[in-house]
Amino acid sequence: MYSRIYSGIALGIDGMLITVETDVCMGLPGLSLVGYLSSSVKEAGDRVRTALKNSGYSIPSRRVTVNLSPADVRKDGAGFDTAIATSILISMGDIQIKDNFINKLSETVFLGELGLDGSILPVPGVLPIVDYAAAHGIKRVVLPVQNAAEASYIKNISIIPVRHLVDIISMLVHGDFPEEYIFPGTEEMVKNNYLYDLADIRGQEMMKRGVVIAVSGFHNLMLTGAAGSGKSMVAKCIPELMPPLSYEESLELTKIYSVAGALGSDMSAGLITSRPFRTPGQNVSEAALIGGGKNPKPGEVSLATGGVLFLDEFPEYQRNVIESLRQPMEDRQVTVSRLKASYTFPARFMLVSARNNCPCGFFPDRKKCRCTSLEIYHYQNRISHPIMDRIDIRLEIRPVKYDELFSEARGMSSSEARVMIDIARKRQEKRFEGESFKFNSEIPQGRIDEFIDLGEEEKARLRSIYESTDISARGYFKLLRLARTVADINDRDEINCSDIEEAMFFRNEDGPGYGAFMT
């Protein structure tokens, strides 16, 4: 007897339906799985056989052939177990299935890994599969109960959670599905108290201003200064300065974490609602940072989408790891190519990097610093010019003086910074309504004239800057985008010379990294 049902697979952060066909016929007894399968899928035969036996049904002594199509897409993982077992149950003919239920099965996707006792275990990558299925006419998905909350945020599809293969057998016997899962949800809480507050950082008001500009326009940021000057602390303040994730951003981010298997052991938290703050250590590999592997998974740059990728002690990372950031910083996505397919992962992160002035961290205090000029020069130039050029704001942080550190006067707080950031964000939302990008830093170079209008005086000032400095063409356009953000913070449509001057100050073209310490 022949049967056909659907399962699914995640390709990047996109899903794809997989047709599971089973035929039980006379012939040499055996279970054969075909369809360009990895070893983990081929092993499904033993898992399915044992799970069926322990659930009260044994595969008959006949030839059983299971095909997973399309045959030119490599299938990997244990998520097809439940679909294979269900398809075999239907083909065995031991269960009399109602005709109308057969039609319902043709609109259903089955996902889940099988334990030998018949229990149905959670699998990663469910969210993109369910999203794809809903967009292509599938009406319901049967999946592990641990994946139900994750999948329930996809609209226009019913989520049927199951714990054991017996639950699926009961569906087939009774010809009906149980009630769909409804995620109870949680009330949104407005953050009034900050875990990290800019007000706790004393005497670094210029640094705070630079951070406000960076967050407002989603600009990449580098903090350079002596050890203990507040670089790491201000970086930890940034996620709470950002606005809440929209539904679309939350869904995309949750897809990435779902594919990466990073939603937690129970996978029941639902949508990710907090902006990520990723802090990989200096020993991170290129594949872990960018993404890839034998079975491509998103890396740290993708897991930081919509939030912050914080690289502390930036020069201490391996050179190839630092250089691998070029493409995701420019294109806002990562493409991993393999023999049979290419996978594209989003990488719209805000890079926040921090470094000392020298290997020991005390320069320019020559009373403490024992580094030679050559050591300082090599340390600063571990960051190549192409990487530096892609960083919009480059702040030099001076050590905090005693009077500033213990002063009763409190500087800019996170709540005050949020007011300025919200003004700039609202202007950008209105400006980029209907566009695929949302922030000034993402304006395509070919459309800069459309969103950035300059007067004659401002054009003359920019010409003077371009001709009198070593700024590159890329740096010039980043300067324009930065000036656009400064004007937005000041709640103005027009960009004036003061905005350009402030943008040039924070861009700091002649700052560390260009041989400034070779003295």
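Because the structure is predicted, anything quoted here is derived from the model rather than measured.
For the pair Ile443 and Phe432, the minimum side-chain heavy-atom distance is below 4.5 Å. Here the side chains of Leu289 and Pro280 are in contact, with some heavy-atom distance below 4.5 Å. When side chains are defined from C-beta on, Gln333 does not count as touching Pro346, because their heavy atoms never get closer than 4.5 Å. Looking only at side-chain heavy atoms (C-beta outward), Tyr317 and Arg382 stay at 4.5 Å or farther from each other. With contacts defined as side-chain heavy-atom distances shorter than 4.5 Å, the pair Tyr36/Val73 does not qualify. The shortest side-chain heavy-atom distance between Arg370 and Cys360 does not fall under the 4.5 Å cut-off. Looking at Asn356 and Lys231, their side chains come closer than 4.5 Å, going by heavy atoms from C-beta outward. The shortest distance between side-chain heavy atoms of Leu325 and Leu311 falls below 4.5 Å.
When each of Leu303, Thr273, Leu245 is paired with Leu253, the side chain to side chain contact (heavy atoms under 4.5 Å, CB included) condition holds for Leu245 and for no other. Across Glu416, Arg418, Met207, Met412, a single residue satisfies side chain to side chain contact (heavy atoms under 4.5 Å, CB included) together with Val212, and that is Met412. Results of the side chain to side chain contact (heavy atoms under 4.5 Å, CB included) test with Leu143 over Leu111, Ile129, Val109, Val123 single out Leu111 as the only residue that passes. Of the residues Asp499, Asn440, Asp392, the one that meets the side chain to side chain donor-acceptor pair (under 3.5 Å) test with Thr485 is Asn440. Partner Ile272 forms a side chain to side chain contact (heavy atoms under 4.5 Å, CB included) with one of Thr254, Leu251, Ile256 and no other, that one being Thr254. Shown are Leu198, Ile201, Asp197; of these, the side chain to side chain contact (heavy atoms under 4.5 Å, CB included) with Ser413 is made only by Asp197.
Salt-bridge check for Asp488 with Arg484: passed, with a basic side-chain N closer than 4.0 Å to an acidic carboxylate O. A salt bridge links Arg447 to Glu450: at least one charged side-chain nitrogen sits closer than 4.0 Å to a carboxylate oxygen. Salt bridge annotation for Arg326-Glu330: absent, with no cationic side-chain nitrogen under 4.0 angstrom from a carboxylate oxygen. Using a 4.0 Å cut-off between charged side-chain N and carboxylate O, Lys255 and Asp131 make a salt bridge. Between Asp312 and Arg355 there is no salt bridge, since no side-chain nitrogen of the basic residue lies less than 4.0 Å from a carboxylate oxygen of the acidic one.
Taking all atoms of both residues into account, the shortest heavy-atom contact from Tyr257 to Pro276 is OH-CB, 3.7 Å.
Judged purely by distance below 3.5 Å, without hydrogens or angles, the side chains of Glu252 and Thr305 never pair a donor atom with an acceptor atom.
Using cut-offs of 30° and 60° for the angle between ring planes, the Phe218 and Phe439 rings count as parallel.
Summarising the local packing, CD of Glu457 is surrounded by 12 or fewer heavy atoms from other residues, nucleotides or ligands at distances under 6.0 Å. Taking a 6.0 Å sphere around CD of Glu433, one finds it holds 12 or fewer heavy atoms contributed by other residues, nucleotides or ligands. For Asp470, the CG atom counts as loosely surrounded, since its 6.0 Å shell holds 12 or fewer non-hydrogen atoms of other residues, nucleotides or ligands.
For the pair Lys155 and Tyr247, the cation-pi criterion (under 6.0 Å, within 45° of the ring axis) is fulfilled.
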